[in-house]
Amino acid sequence: MSGLVFESIVKKFGEFTAVHETSLTIPQGKFVCLLGPSGCGKTTLLRMIAGLEAATAGRILLDGDDVTRIPTHKRDFGMVFQNLALFPHLTVGENIAYPLRIRGVSKSDCLAAVKRLLDLVQLPDMAGRPVSKLSGGQKQRVAIARALALEPKLFLLDEPLSALDAKLRESMQIELKQLQQKLGITTIVVTHDQREAMTMADLVVVMSQGKVHQVAPPVEIYRKPKDAFVADFIGSTNLISGRISGSGKLAVPGGTLLADDLPATGDVTLSVRPENIRVTAGSGDNTPGCLAGEVSYIRDLGASIEMYLSVAGQQITAITTPSDRPDIAAGDAVSVHFPKDACVVLGDA
Amino acid sequence: MSGLVFESIVKKFGEFTAVHETSLTIPQGKFVCLLGPSGCGKTTLLRMIAGLEAATAGRILLDGDDVTRIPTHKRDFGMVFQNLALFPHLTVGENIAYPLRIRGVSKSDCLAAVKRLLDLVQLPDMAGRPVSKLSGGQKQRVAIARALALEPKLFLLDEPLSALDAKLRESMQIELKQLQQKLGITTIVVTHDQREAMTMADLVVVMSQGKVHQVAPPVEIYRKPKDAFVADFIGSTNLISGRISGSGKLAVPGGTLLADDLPATGDVTLSVRPENIRVTAGSGDNTPGCLAGEVSYIRDLGASIEMYLSVAGQQITAITTPSDRPDIAAGDAVSVHFPKDACVVLGDA
Amino acid sequence: MINTFILRLFLGAIALFMAAPLAVVAGVSFNERKSLSFPPEGFSLDWYAQIFTEDSWRSALFNSVGVAVGASSLAVVVAFPLAWFLWRFHAPWARIVQVLGLAPFILPPVITALGFLSFWTTAGSYGQAWTVVISHGIFFVTLPLVTLTLGFEAVDDSLVEAAATMGADDRTILRTIILPLILPYIISGMAFAFVLSLNEYIVAYMAVGFTVETLPIKIFNSLRYGYTPTMASVTVLFVAIAVVVFGLIARFGDLPRLLGAWRHDDDS
Amino acid sequence: RAQEKSLKIGAYGGYFKDSFDKHIFPEFTKATGISVESIAQPTGEAWLVQLEQAARAGQAPADVSMISQVSMLRGSAASIWAKLDPAKMPNIENVMPSFINKYDDGSVCGVGAVTWYITLVSNSDVITQAPSSWEELWKPDRAGQLGLLALVTNSFLLDVTAKTYFGGQEILDTEEGIMKVMDKLAELKDNVQLWYRDEAQFEQALKSGEIPMGQYYHDVAGLAAADGYPVRSTFPKEGGINDSGSWAVSKASEKLDLAHVFIDFMSQPEIQTLLSRKVGTSPTVARAKTSLTDAEFASVSSEIEPIIPRYDMYQQRADWLSQKWTELIVS
Amino acid sequence: MKIKPRTFSDYATIGFPAGMLMVFFVIPFGIMIAVSFFQRVQGAFYEPAFVFDNYARFLTSFFGGILGFSIGLAALVAVVSVLLAFPFTYILTRMTRRTQVVWLVFLLSVLSLSEVLIGFGWSTLLSRTAGISNLLVALGVLDKPMSLSPSFGAVMTGMVYQTFPYTVLVLFPALSRLDPSLVEVARTLGSGPVRSFLNVVVPALRNSIVSTLIMVFVFALGCYLLPQLLGKPSHWTLSVLITDQAIYQSNMPFAAAMAVFLVLVSLSLVAISLLYGKKENAA
Ligand SMILES: Nc1ncnc2c1ncn2[C@@H]1O[C@H](COP(=O)(O)OP(=O)(O)OP(=O)(O)O)[C@@H](O)[C@H]1O
Ligand SMILES: Nc1ncnc2c1ncn2[C@@H]1O[C@H](COP(=O)(O)OP(=O)(O)OP(=O)(O)O)[C@@H](O)[C@H]1O
Ligand SMILES: [Mg+2]
Ligand SMILES: [Mg+2]
């Protein structure tokens, strides 16, 4: 089958298991983000794909062929390193031409390729520059161009944008996405920035502590997190535990909430995004889906207003826009509304 | 007067001016963030306060006394460095006791102080650890405790949280703010993260290229940016240029906008925050404050929806929440509403 | 300020301390008479001319330079694969070879010298000019080994990995990435070995002193009938060579970095 | 072939070798057609170590070398010298018998090449009155003013002390006797400013007056004086120390025949005269056979009976002597 | 990124240097060790044998004294060199790149000065007739010029002179990599420049200091010319006696035995201080 497949891949460093048994399929042509907190094994996974790290167990298949034992230099994958790893002794053009030159491509063909690639990353006429004279964003583009020089089957990037400042990062995210759509190369990007993943990816792989938690498109990851880790790691959320008290009903401290897909019995945890919680002044009517609370404090961040609420002893955060801001202040009694479709039932992490 | 005052401070490195003539007053007891892009001179300003860098011209006054020529080690300011600069050869306790020990404070007093400070930063019972055995967040706290050991008149921090990951950073931001409120020390934090500045500061100093652009509380910085640089750097914004066409009216490509505080004549630039722009389906009625546009594309980030619009050939971004999302898709004609109080008139940068 | 004054004083004192014997040697080299008087009596550049006009001094100079060139090249040729191996592979036993590479510099030189003497006579090559090249090459292998180890440490792993992802095998990486990056370290290691070989006496003497008279041997032999100012002029010439060699290295490379300095902000 | 007719000859490096190269070897080549490759030997016995090592491996760094007497003996004990055939060297008849070295079995292994004197030298600016006896070295007012040779085997101070204070060198026959001499020698230690190994180390100090007195080579002191330095060399009344170098051939040499020709050539009185004139050494042939003028002779020798070192003692008690000597000067 | 060597060519790369060092270093050194057990023949050379005589001869209070002196001298030289070079190198690394380069070129050139010339230079400088004491007389510090060499002070001066550039170069990497913010933070905490140097820079680099001391110590131990040129016989080191025995007495077995002993002693001193350093690190 076409695409990249992990079959029960495991990676240990000595006693320490960096990647627990993982099976995963990445369809051809997709833009995938590996997302997770620091140290969760993202880089390790990416390096195994590139062959820079040998898998302890399991197989990696590309388009049906086992590539697990093929050495890096025969895999023909393009990779962009976190620190970019531009060759300091070569010019921009020589860097980009490097993979061609070592394959014996003729000088004129190299020149043509360099020109084409520099146009692609919007850096025309830079071929002669020493790389030390480039700005961060320009270096970035050169590293990308170099990785693409061989028209790789797979395009791997390890936190490619983390060194850039916020503004530049955003524009590079969009460019990278457009580039990938134009070329149609299967692309895997490691990041620990969830915003970045949400912006770029067709498919997000959420990892923590060497395990894959969820693989899904970004909006689904946000709207339907599989477990508490994902819910909490992607955006911020309120986790509310309760006990099933009837079909579609959940008894929580302070009242009852409504939710779809609730199991028949048992204890479950809900995730409710702060921006989906509605707060109104005055103590609530205590109908299902609405709890009484008190305002702890309110923070105005300019673009949004954060309301920290205490509901039956539990901390709940709600966010609203300045225009929708209810007329409340710290200490006020409020009613807190949890819309049914905003209450997501979580599985075990 | 009480507080920190810069009088016409200038800093040059050879030919290069890192800080242009700056005058600034920081009232006693405030939490101030120096905010600006990389290389704008934030660190340089902070180091001049600490006496680690000599000002090329101008004076620095603390509570009315000129401290410009006082050597660093006689200033009694606490400082936390970006890389923390914990002494690798000392334990946690010895690091914290260092400023006391060199002043000849007795061993038992040192011990007591270390205990108190470790409690303050919520690291009890860590005194005996070597610093190399601490996690990033713990090192952070030790550095803070050490800087506070002398009960400094001024507490200076250079990007104290930039090495921490997002979650930890947020909780440290809140802790730092609470600590400052508890101790009431004038605190100056350098950061290039505008969210961080907005979260912590009483007063934000926005800088770029060695110049101070605006000094104001966070919400004012967001709502009433003084110039295009501030508007664009703090959050994202739409900058719209136009020409005065009557009292409170501005002719812009595609129609007329309304704004307060417009000058009588001339060209001005408006800043309009994306979340203040309302988008409705159907072509607009072309009343003042409402322009006709077309949807370029829509991006669903989960917590928010970004709409990229083309209005009379200009790119406009609008943001809304999933619940307020209008029923539109790429290519649709829309009417774009710019509320009068959302249109902020900018000065020259 | 008083502090900067003390600082200057300290630096000045060190500079004076380091320069004083050089001044004596330089002064002596200008003596008019064949004597090592100091302060010099009269002024003459004859002793400089003599380095080149008198056969024995000239050939000693050329011998020394030849031996130093050969030995420093050999030292690099031996040290390079060793440093490369230590950097590239994980093999604890290779540390033993590393220690062997560091040891020649640590032993008392006279012992190394006598060891070579026995060795070359036993091997039947005693008296061949090339034996001193090998002897010095091994004796000074420590220097390029140290600089090359520093150099390899400074090569960013990710550069190598990046090259591998682009299809370069080990050999290609060595040729296209590592060699160019490590070149300054090769040069500085070689320069160290070169300069020290130029001035080494006892090993050269024991290995092949009677066939190849190097400058230090020539100087020592001259002691029989009095120091001649030529010794001083040769020394001045040597110091000049060292200044030129290291000055060139500093001109075209980053000398502090070659000697192990390194700052975070260096990359930009 | 020309190459076969060449000889590697070792001579002390520096001035010595330079003079040989300039004045002596060309004469030899002219006379015999044998070309000479001269080898710079070092001072001391380092050369002997090299010859010995080479001989063990069957190699010869030089065919003929000039060897000092202690080294000659040491070399013969280890049999590293080739036996020489007097019959092939008619001219060695001229050489005084005391300068012919022989193996125990009586066969010749070395022939005197040159001799030289170690005398009492002083800086005439500092010490106005020329000293006349080795006793001068022991005088209390010489404190910190002496430069003496640092090796027992080249300073020969044991012989000097024995001759000066014990009526002759016989006392050196026994270890007790030697110890007595050493005790006497120990008395002058406070006078010694410099125990030198490399001659020039002392020469420099002597010329400048830094160290105004000591033992030194008569010929070199003469050169310095001729150069205008305030240096004088005195033959003390007990006699100067007469040391000599012999030509010896390494056993490993394959050119014994040519070596015979060379030694024979060097033993001619005319050549000895030439040596005295050009190199400044004293001849190994009787003065009468040379054509040296009185002035020329005086500049390289003296009529006062010399002290001939007890080479046998230096050889037989080598390690014991060097140990005691080191202890003497080091402690 | 490091991998285990696998193929023949992997091993071949280390094979060449290993072979070269084996043949041209281990074997000659091995020969010397063997020779140290050979039988000395008085008045001649030596014969192959296996005797401990050479070691036995060494084990006397006389040689013990010399060994002690040599070690003491080398240790003192190391300490003085490091005491001078550490603050110097620290200051050097805080200077501009350009100034650093000038100093480094200068020091490297001094480093290449041969030992004889250093000895000659200093003996002239310390002499009565042409030396610095004349300068002191001119300045009125001394009544009349005096001779400062040979003496223990002269030996020390010469050896420190020789080891100083070496020490600076060994300390240079560690000091130039020292994080400058450590000193800055100490200053914000109230330490003046000298104090922060003493209680931050020095302790933070104590491992480098220890290893530098060891390297300079070993280097000084092998020094054999300067003690002869600038010292009295009582200042001669074991290296001088080794050279003496080997070259002037043709007593190779004894020289080799002394050298082996010297190497053993210095190696064990090095090992002890390394162990001690490790322990301190672990604590
Ligand atoms: N060569 C190695 N030897 C031992 N442990 C390793 C090695 N490489 C990585 N690890 C460990 O494996 C775990 C996963 O590391 P990895 O670099 O994949 O994390 P990551 O998700 O990329 O984190 P980051 O966002 O910080 O880059 C970490 O705990 C790390 O310490
Ligand atoms: N010692 C120095 N010598 C010369 N230029 C300097 C020096 N220190 C800083 N600069 C320059 O001064 C400018 C301001 O530097 P500064 O470190 O204050 O920036 P910053 O705002 O702290 O940036 P960042 O966010 O990257 O830390 C930069 O252009 C920098 O290159
Ligand atoms: Mg990573
Ligand atoms: Mg900064």
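Each chain gets a letter, A, B and so on, in the order the sequences are listed, and its residues count up from 1.
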Phe13(B) meets the ring pair (Phe, Tyr, Trp, His ring centres under 6.0 Å) criterion, sequence neighbours left out, with none

Qualifying residues under ring pair (Phe, Tyr, Trp, His ring centres under 6.0 Å), relative to Tyr222(A), sequence neighbours excluded: none

I need the minimum non-hydrogen distance between Asp324(B) and Asp324(A), along with the two atoms involved. OD2-OD2, 3.4 Å

Please check if the number of heavy atoms outside [X] that lie under 6.0 Å from its [atom1] is greater than 12.
{"X": "Lys30(B)", "atom1": "NZ", "result": "no"}
{"X": "Asp261(A)", "atom1": "CG", "result": "no"}
{"X": "Asp260(B)", "atom1": "CG", "result": "yes"}
{"X": "Gln314(A)", "atom1": "CD", "result": "yes"}

Let me know if Pro274(A) has heavy atoms under 4.5 Å from chain B in its side chain, its backbone, both or neither. neither

Could you look at Arg299(A) and say if it's the side chain, the backbone, both or neither that has a heavy atom under 4.5 Å from chain B? side chain

At under 4.5 Å between heavy atoms, what parts of residues 195-207 of chain A are in contact with chain B? List them by residue number. Arg195(A), Met198(A), Thr199(A)

Which atoms of [X] come close to chain A, meaning under 4.5 Å heavy atom to heavy atom: side chain ones, backbone ones, both, or neither?
{"X": "Thr321(B)", "result": "side chain"}
{"X": "Pro322(B)", "result": "side chain"}
{"X": "Glu220(B)", "result": "neither"}

Restricting to salt bridge (Lys or Arg N to Asp or Glu O under 4.0 Å), what partner residues turn up for Asp193(B), sequence neighbours left out? Arg169(B)

Of the listed residues (Asn276(A), Ile234(A), Asp232(A)), which shares the most heavy-atom pairs with chain B below a 4.5 Å separation? Asp232(A)

Considering only heavy atoms and a distance below 4.5 Å, find which of Arg223(A), Glu306(A), Arg273(A) pairs most often with chain B. Arg223(A)

